[in-house]
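Scroll down for the structure; my scribbles are underneath it.
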Amino acid sequence: MGSVKNLSITILSAGFMVLATAAQALSVTLSYDRSIGSPGSEPGQLYVPQGITVDDTTGNVYISDGGNDRVQVFDQNGNLQKIIGSKGEGPGQFREPADLKFNPLNGNLYVGDVFNSRINVFDSQGNYLKSFAKFGERVEGRSFFGPGGLSFDKSGNLYITDFSNDYIQVFDQNDNLIKTIGSNGNAPGQFVGPAGISVSPTSGNIFVADQYNNRIQVLDPEGNPLLAFGSPGTGLGEFQQPIGVEVDEYDNVYVADSINSRVQVFDKNGNFLSTYGVAAAATPPASDGPPVGNPLDLTPGTFNWTAGAHYDNGKLYVGDFFQGRIQVLNVEGRTEVPEPASALGLALLGMGVATVKLRKNRQQQTAINLD
């Protein structure tokens, strides 16, 4: 990012201003819009919301209400529309629902069911259809296990992070397992607790929140590692167990940096762009108490762990994990950033134009002197 800005300054001094706009395109920012839900167990209230998605046909927001073992559906104004599922092990029931996504080809809703170690499938009206898949059991020292993030590619293939087995399971349109991606470790293409996942609608690249390695990994559509960014810490560009990851149509990357209680934004090359959110003064709840922080701080922009994240139509939906709500953020400044090679090409073109203009000026001045 710095090199692009420096290049822009150099060219500006030569009188060429196109790249100034390109540098400004790196400034993707977030601002608070509204909240959905409140902490509790009554209809319309949430405990540890873990997954968020939007039905583009209605605009309704679907939320995995983990602590209440159900999926709740709200309109864009936060009004409860319906409840899907209940606590249990039977068809259409949950023992802690996790991430959820709509199949882009048939409109069915797929929901991770953590303690039942499966994916539950519902039609667009919320009627149960089937369950499939199996995931790893709890690993000592890890807070979570089972199915993590879900994401579909354009062909309708479903990518699911297997949090305990440290790989990604890929299913075809008929829910058949066709391959796995990755293994345990910290080398490129390896994971320790893969959580959120997002397949780019533009490039097909796969973005994975590698939770216990405190990084985001980017894989090509075949699952080959391309790059990784992030390291443990609290500074900008650092993470404490990132859980959610989302990309927009320009492959800008939005990371729910869970324990740091914020969202960080990066470009597709892993360059830091901006951050949003501050941590609540409360600590996470005790294991034997209700799954909410104490005291609550429902000030806009304050989080007690950021969890699931979902991007849709210029909005970012972020789970406020231990405060029982979803914060909806405006995404501003979102635009395509030229590749460094393209920027260099524009720079050379600008210098060429400046040189030609300089020559013409000199020729005109020479002609005047001769006269």
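What you are looking at is a predicted structure, and each value in this text was computed from that prediction instead of being measured.
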- Same cluster or not: are V73 and I326 linked, directly or through other Ile, Leu, Val, Met, Phe, Trp or Tyr residues, by side-chain heavy atoms under 4.5 angstrom apart? no
- Task: Taking Q50 for its side chain and G67 for its backbone only, find out whether a donor-acceptor pair lies under 3.5 Å.
- Result: no
- So, Q93 and S86: side-chain donor and acceptor under 3.5 Å apart, yes or no? yes
- Task: Classify the ring geometry between F152 and Y110 as parallel (under 30°), tilted (30 to 60°) or perpendicular (over 60°).
- Result: perpendicular
- Message: Within the 4.5 Å heavy-atom criterion, are N79 and F74 side-chain neighbours or not?
- Response: no
- Item | Nearest heavy-atom neighbours spanning P104 and D153 | CG-O, 3.9 Å
- Message: With no hydrogens and no angle check, just 3.5 Å: does a side-chain donor-acceptor pair link D220 and N205?
- Response: no
- Message: Is any side-chain heavy atom of S117 closer than 4.5 Å to one of K134?
- Response: yes
- Query: Hey, any chance V331 and Y32 share a hydrophobic cluster, counting ILVMFWY side chains that come within less than 4.5 Å of each other, even indirectly?
  - Reply: yes
- Task: Heavy atoms only: give me the nearest R70-E42 pair and the separation to one decimal.
- Result: NH2-O, 2.9 Å
- Message: Show, in sequence, the C-alpha distance, side-chain angles and deciding distance for N252 and L273, and conclude whether the side chain to side chain contact (heavy atoms under 4.5 Å, CB included) test is met.
- Response: CA-CA 9 Å; N252 297 312; L273 300 181; 4.1 Å; yes
- Steps toward side chain to side chain contact (heavy atoms under 4.5 Å, CB included) verdict (N157, I178): CA-CA 9 Å; N157 296 318; I178 55 177; 4.2 Å; yes
- In Å and rounded to the nearest 0.5 Å, what is the CG to CG distance from N269 to L226? 10.5 Å
- Would you check if the side chain of Q327 reaches a backbone N or O of G319 as a donor-acceptor pair within less than 3.5 Å? no
- Message: Using modelled atom types and a 3.5 Å cut-off, is there a donor and acceptor pairing between side-chain atoms of T180 and backbone atoms of I168?
- Response: no
- Query: Atom CG in D166, atom OG in S183: separation rounded to 0.5 Å?
  - Reply: 8.0 Å
- Query: Do L329 and Y317 touch side chain to side chain, with heavy atoms closer than 4.5 Å?
  - Reply: no
- Residues in salt bridge (Lys or Arg N to Asp or Glu O under 4.0 Å) with D75, at least two apart? none
- Message: When you compare the side chain of F171 with that of I160, does any pair of heavy atoms fall below 4.5 Å?
- Response: yes
- Query: About how many Å separate CG of N176 and CZ of F132, when rounded to the nearest 0.5 Å?
  - Reply: 9.5 Å
- Is it true that the side chains of N330 and K315 contain a donor and an acceptor less than 3.5 Å apart? yes
- Item | Separation between CG of L219 and CD1 of I206, rounded to the nearest 0.5 Å | 5.0 Å
- Note on the structure: Between D55 and T57 the two heavy atoms that sit nearest each other are OD1-OG1, 2.6 Å
- Can the ring centres of F115 and F94 be said to be less than 6.0 Å apart? no
Taking distance alone, no hydrogens or angles, what donor-acceptor pairs closer than 3.5 Å link side-chain atoms of residues 229-242 to residues at least two apart or in another chain?
| from | atom 1 | to | atom 2 | distance (Å) |
| --- | --- | --- | --- | --- |
| E238 | OE1 | T234 | N | 3.2 |
| E238 | OE1 | G235 | N | 2.8 |
| Q240 | NE2 | N260 | OD1 | 2.6 |
| Q241 | OE1 | Q211 | NE2 | 3.0 |

- Message: If we ignore hydrogens and angles and just use 3.5 Å, is the side chain of S124 paired with the main-chain N or O of N108 as donor and acceptor?
- Response: no
- Taking side chain as C-beta onward, heavy atoms only, is L109 less than 4.5 Å from I84? yes
- Can you get from V218 to V245 by hopping between Ile, Leu, Val, Met, Phe, Trp and Tyr side chains that sit under 4.5 Å apart? yes
- Task: Please confirm whether the backbone N or O of V28 pairs with a side-chain atom of S274, one donor and one acceptor, at under 3.5 Å?
- Result: yes
- Item | Co-membership, hydrophobic cluster, residues L298 and I63, 4.5 Å side-chain | no
- Task: Would you kindly say whether Y254 and D248 are connected by a side-chain donor-acceptor distance under 3.5 Å?
- Result: yes
- Query: If two hydrophobic side chains count as joined below 4.5 Å and joins carry through other members, does L227 share a cluster with F207?
  - Reply: yes
- Query: Looking only at heavy atoms, what is the nearest atom pair of V208 and P194, with distance?
  - Reply: CG1-CB, 4.0 Å
- Any V61 side-chain heavy atom under 4.5 Å of I36 side chain: yes
- Task: Check K154 against T202 and note the closest heavy-atom contact, atom names and distance.
- Result: NZ-O, 4.3 Å
- Please check if the side chain of S64 supplies one atom and the backbone of A98 the other of a donor-acceptor pair under 3.5 Å. yes
- Message: Could you go through D69 and E96, starting from their C-alpha distance and side-chain angles, then the distance that decides it, and tell me whether this counts as side chain to side chain contact (heavy atoms under 4.5 Å, CB included)?
- Response: CA-CA 5 Å; D69 297 303; E96 191 160 339; 4.2 Å; yes
- Message: Test your reading of the model: is there a side-chain donor-acceptor pair from N120 to the backbone of L129, 3.5 Å cut-off?
- Response: no
- Query: How are the rings of W305 and F321 set to each other: parallel, tilted or perpendicular (split at 30° and 60°)?
  - Reply: parallel
- Message: For S200 and D251, which I'm curious about, is there any donor-acceptor pair between the side chains at under 3.5 Å?
- Response: yes
- Straight-line distance of I197 CD1 to D210 CG, nearest 0.5 Å: 11.5 Å
- Query: Does a side chain donor of either Q169 or D162 reach within less than 3.5 Å of an acceptor in the other side chain?
  - Reply: yes
- Message: Regarding Y276 and Q264, do their side chains bring together a donor and an acceptor under 3.5 Å, going by distance alone?
- Response: no
- Task: Verify side chain to side chain contact (heavy atoms under 4.5 Å, CB included) between H310 and E246, making sure each step is shown before the conclusion.
- Result: CA-CA 6 Å; H310 179 75; E246 269 284 86; 3.5 Å; yes
- Taking C-beta and beyond as the side chain, do V255 and I216 meet within less than 4.5 Å on heavy atoms? yes
- Task: With the side chain counted from C-beta on, respond yes when V71 and L100 share a heavy-atom pair under 4.5 Å apart, and no when they do not.
- Result: yes
- Message: Measuring from atom OG of S35 to atom CG of D320, what distance do you get when rounded to the nearest 0.5 angstrom?
- Response: 7.5 Å
- So, D99 side chain and L150 main chain: donor-acceptor pair closer than 3.5 Å or not? yes
- If you take all heavy atoms of R262 and T306, which pair is closest and at what distance? O-OG1, 3.0 Å
- Item | Donor-acceptor under 3.5 Å (R215 side chain, N186 main chain) | yes
- Item | Heavy-atom donor-acceptor pair, Q173 side chain to S155 backbone, under 3.5 Å | yes
- Message: If you apply the rule side-chain hydrogen bond (donor to acceptor under 3.5 Å, both in side chains), what do you find for Q323 with N304, and how did you get there?
- Response: CA-CA 6 Å; Q323 299 204 115; N304 192 340; 5.2 Å; no
- Task: Say whether Q190 and Q217, considering side chains only, have a donor N or O and an acceptor N or O under 3.5 Å apart.
- Result: no
